[in-house]
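Step one of this worksheet: look at the structure below.
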There are 2 protein chains.
Amino acid sequence: MVGARAVRKARTGVRRNVRTVPGPCAQWSDRDADFIREILDLVGDKWSVLIIGTLESGPTRYSDLTDAIPGISQRMLTLTLKQLRRNGLVTRTAYPEVPPRVEYALTDLGASLLSTVLALAAWSADHHTEIRRHQQRFDAGSEQDG
Amino acid sequence: MVGARAVRKARTGVRRNVRTVPGPCAQWSDRDADFIREILDLVGDKWSVLIIGTLESGPTRYSDLTDAIPGISQRMLTLTLKQLRRNGLVTRTAYPEVPPRVEYALTDLGASLLSTVLALAAWSADHHTEIRRHQQRFDAGSEQDG
DNA sequence: CCGAATCCCCTCGGATACTG
DNA sequence: CAGTATCCGAGGGGATTCGG
């Protein structure tokens, strides 16, 4: 009805054991919930997606990343890049020059994740207005009414 | 090459003004970055996706949600449900009975988001092993070596 | 130019107890 | 049953400073 089943059909391993009859049993298996947690660890933080998206256009220098992502601090750029490297989404290449030059690039794994995440961003762009409307309506109905 | 361009082509409004030549200018427009922020506000937290996913099988009572989502506290269930309602992803229906009965249900908007998010979960399930391998390799290379 | 280290605020979220 | 209110610890993340 929603499309979730299509996804479930296409990709084995996610929500395999969803129940079809009403009842008190758990909707999510522990493993499925773990997949949600894992993906949130990867892209749920404040900067990962922005960095990955910036790297899509090709290998990028540290300082260029700083410029491309407004508001990011050196600390968070370094930290997030390290996480992305740890998860195999990004590679780091240092060139022994003076001044030093370091380039970060997307791996195939990172690129495949980006394409998936962009669908989310597209959803957000699509429904942005509608969401705003809901928020304002909700807030208006909550404040007074006492 | 990665699929991001296909997404960009399919959905207007996201990453429209990506640059094609190297240079110091910003990779993300402020608006595009805002879409990322917005979607993270919606699903980037610890419980939203689990709740939305649980609701996919139909209207669900508060207590059934508690049972279906292991580890969630009453506080976070209530808080997250309120956020989901505020964004128009979930509706709340109270039945004037004793004992009280309250059912939460996905809106069409919430359902459309779920189907998109499940693609992410599927990606996680798909590449879980590979990611684990990268992590272990990275951690092994980091600890000693000094 | 690239990044590690330190300091510190502030939000997220868990535990518990209480209301209707 | 379906919440609300309060307390509190852990950690995300910004500003700044120092090293290679």
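Each chain gets a letter, A, B and so on, in the order its sequence line appears, and its residues count up from 1. Just so we're clear, the structure is a prediction, and the values are computed from it rather than from any experiment. What's counted below: heavy atoms across the whole structure, side chains too, no hydrogens, waters or symmetry copies.
Counting heavy atoms from C-beta outward, B/His128 and A/Glu38 have side chains that approach closer than 4.5 Å. Looking at B/Leu106 and B/Val90, their side chains come closer than 4.5 Å, going by heavy atoms from C-beta outward.
Contact annotation: A/Ser63 side-chain N/O to C/dC2 OP1/OP2 distance is under 4.0 Å. Within the 4.0 Å cut-off from OP1 or OP2 of D/dG3, at least one side-chain nitrogen or oxygen of B/Tyr104 is found.
Side chain of A/Thr60 to main chain of A/Gly58: a donor-acceptor pair is present (N/O by atom type, distance under 3.5 Å, no hydrogens or angles). Listed for the A/Ser48 side chain is no donor-acceptor partner under 3.5 Å among the backbone atoms of A/Gly44.
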Check: protein-nucleotides 13-17 of chain C nitrogen or oxygen pairs below 3.5 Å:
| residue | atom | partner | partner atom | Å |
| --- | --- | --- | --- | --- |
| C/dG13 | OP1 | B/Lys46 | N | 3.3 |
| C/dG13 | N7 | B/Arg75 | NH2 | 2.9 |
| C/dG14 | OP1 | B/Lys46 | NZ | 2.9 |
| C/dG14 | O6 | B/Arg75 | NE | 3.2 |

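For A/Arg86, the salt bridge (Lys or Arg N to Asp or Glu O under 4.0 Å) partners are B/Asp139, not counting sequence neighbours.
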**Study point:** Stepwise side-chain contact (heavy atoms from CB on, under 4.5 Å) check, B/Ile131 with A/Leu42
**Key:** CA-CA 10 Å; B/Ile131 290 174; A/Leu42 292 181; 3.6 Å; yes
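To the nearest angstrom, P of D/dT4 lies 11 Å from CG of B/Leu77. Atom CG in B/Leu81 sits about 10 Å away from atom P in D/dT4, given to the nearest Å. Atom C1' of nucleotide D/dG13 and atom CG of B/Leu40 are separated by 15 Å, given to the nearest angstrom. If you take CG of B/Asp67 and C1' of D/dA2, they are 13 Å apart, rounded to a whole angstrom.
Heavy-atom neighbours of A/Asp41 CG from other residues, nucleotides or ligands within 6.0 Å: above the threshold of 12.
In the region residues 82-98 of chain B, proximity to DNA chain D at under 4.0 angstrom, judged on heavy atoms, holds for B/Arg92.
A side-chain contact (heavy atoms from CB on, under 4.5 Å) with A/Leu65 is found for exactly one of A/Leu55, A/Thr80, A/Leu50, namely A/Leu55.
At a threshold of 4.0 angstrom between heavy atoms, the contacts of B/Thr78 include nucleobase atoms, whether or not backbone atoms are also involved.
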